[in-house]
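I have placed the structure first, in the form of structure tokens, so that the comments after it can refer back to it.
Keep in mind that this is a model prediction, so the values were computed, not measured.
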Amino acid sequence: MGMGLSLSEVALFGVLAGLTFAAKMVMAAFANIEPVSLMVMLFAVTFGRKAVYPIYVYVLLEFATFGIQLWSINYLYIWLVLALGAWLMREAANPIGWALLSGIFGLLFGALCAPVDFFVGGWGYAFGKWITGIPFDVAHCIGNFVMALLLFAPLRKVLERLYRGMRRVKPVGRSEQSVREEKDSEND
């Protein structure tokens with residue numbers, strides 16, 4: 001599968017990133033309980049390498065809204081860690097496995113942020129920030145676990161069906177041959 005995007009993918013990825021950001025904002029009153037982890041896992045298993053597009057559109061929305069802050073720098077790599085974990089598990093069907101992945105990611109969130117904190121303030125600062133953030137990581141773990149347990153499987157079905165159906169539609173202005181060649185190259 002190439003990394004080029006069709007117009008419908010550009011639209012889909014933009015809408016999904018926007019929905020992810022909006023859902024996060026709606027849930028902002030609940031400390032560290034967010035739908036972003038769930039969506040990143042869904043993007044990874046549904047879109048493969050193309051998951052970087054909705055992930056980074058989401059990150060750009062964060063930067064545009066809140067500016068580039070110390071915590072937001074982590075977003076440049078932290079969501080890719082989760083996406084890679086989800087992609088490696090993409091064949092898993094058991095909702096418990098997805099809930100565990102998401103929960104563990106939430107629990108490790110502070111530790112995963114430590115490299116940026118270390119760069120800014122050294123070991124003491126990074127370790128202290130991680131330790132004081134553990135209660136938030138526990139809340140993040142529980143929220144992620146419950147959300148993935150309840151929503152991952154049904155949302156995966158919907159998103160995969162949507163993406164499959166969208167890719168079957170012949171793009172406007174392209175010949176049947178070029179569409180067939182593109183699909184053949186994606187299956188290689």
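- Shortest non-hydrogen contact noted between Ile55 and Ala83 is CD1-CB, 3.9 Å.
- Judged purely by atom type and a 3.5 angstrom limit, Ser72 has no side-chain atom pairing as donor or acceptor with the backbone of Ile68.
- Hydrophobic cluster membership differs between Met27 and Leu19, with clusters built from Ile, Leu, Val, Met, Phe, Trp and Tyr side chains linked at under 4.5 angstrom.
- Under the side chain to side chain contact (heavy atoms under 4.5 Å, CB included) criterion, Tyr56 pairs with Val52, Val59, Leu76, Leu80, not counting sequence neighbours.
- Ring centroids of Tyr53 and Phe47 are separated by 6.0 Å or more, keeping the two rings apart.
- The cluster map of Ile, Leu, Val, Met, Phe, Trp and Tyr, joined by side-chain heavy atoms under 4.5 Å apart, puts Ile104 and Tyr77 in the same cluster.
- Considering CG of Leu100 and CZ of Phe105, their distance stands at 15.0 Å, rounded to 0.5 Å.
- Atoms CG and CG, from Leu82 and Asn144 in turn, are 8.0 Å apart once rounded to the nearest 0.5 Å.
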Which donor-acceptor pairs under 3.5 Å do side chains of residues 122-136 form with protein atoms, sequence neighbours excluded?
from   : atom 1 : to     : atom 2 : distance (Å)
Lys129 : NZ     : Asp117 : OD1    : 3.3
Thr132 : OG1    : Gly128 : O      : 3.0
Thr132 : OG1    : Lys129 : O      : 3.2

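- The CE atom of Met41 lies 11.0 Å from the OG1 atom of Thr46; values are rounded to the nearest 0.5 Å.
- Looking only at side-chain heavy atoms (C-beta outward), Leu5 and Phe13 come within less than 4.5 Å of each other.
- Using bins of under 30°, 30° to 60° and over 60° for the plane-to-plane angle, the ring pair Phe66/Phe21 lands in the tilted bin.
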Checklist line | Pair Val120-Ile73, side-chain contact (heavy atoms from CB on, under 4.5 Å): steps then yes or no | finding: CA-CA 11 Å; Val120 170; Ile73 302 243; over 6 Å; no

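- Applying the side chain to side chain contact (heavy atoms under 4.5 Å, CB included) rule to Val45 yields the partners Ala86, Arg90, Trp98, Phe152, Arg156; only residues at least two apart in sequence or on another chain are considered.
- Closest approach of Leu38 and Leu155 over heavy atoms only: CD2-CD1, 3.8 Å.
- The distance from the CD atom of Glu62 to the NZ atom of Lys24 is 3.5 Å, given to the nearest 0.5 Å.
- Minimum heavy-atom separation, Pro54 to Ala51: CD-O, 3.2 Å.
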Next item on the list: With side-chain contact (heavy atoms from CB on, under 4.5 Å) as the test, would you mind laying out the steps for Phe43 and Trp79 before giving the verdict?
Entry: CA-CA 11 Å; Phe43 297 159; Trp79 300 119; over 6 Å; no

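- Of the possible polar contacts, one joining the Lys50 side chain to the Gly4 backbone as a donor-acceptor pair under 3.5 Å is found.
- In this structure, Tyr163 contributes its side chain and Glu9 its backbone to no donor-acceptor pair below 3.5 Å.
- Under the 4.5 Å side-chain heavy-atom criterion for grouping Ile, Leu, Val, Met, Phe, Trp and Tyr, Leu112 is not connected to Leu84 through any hydrophobic cluster.
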Next item on the list: Could you please spell out the steps behind the side-chain contact (heavy atoms from CB on, under 4.5 Å) verdict for Glu34 and Met147?
Entry: CA-CA 9 Å; Glu34 45 75 21; Met147 221 176 297; 5.8 Å; no

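- Taking CG of Leu42 as the reference point, atom OG of Ser37 lies at 11.0 Å (rounded to 0.5 Å).
- Using a 4.5 Å heavy-atom threshold, the side chains of Asp137 and Leu108 count as separate.
- Separating the CG atom in Leu149 from the CG atom in Asn94 is a distance of 9.0 Å, to the nearest 0.5 Å.
- Between Phe109 and Tyr75, the two ring planes are perpendicular [angle over 60°; tilted spans 30° to 60°].
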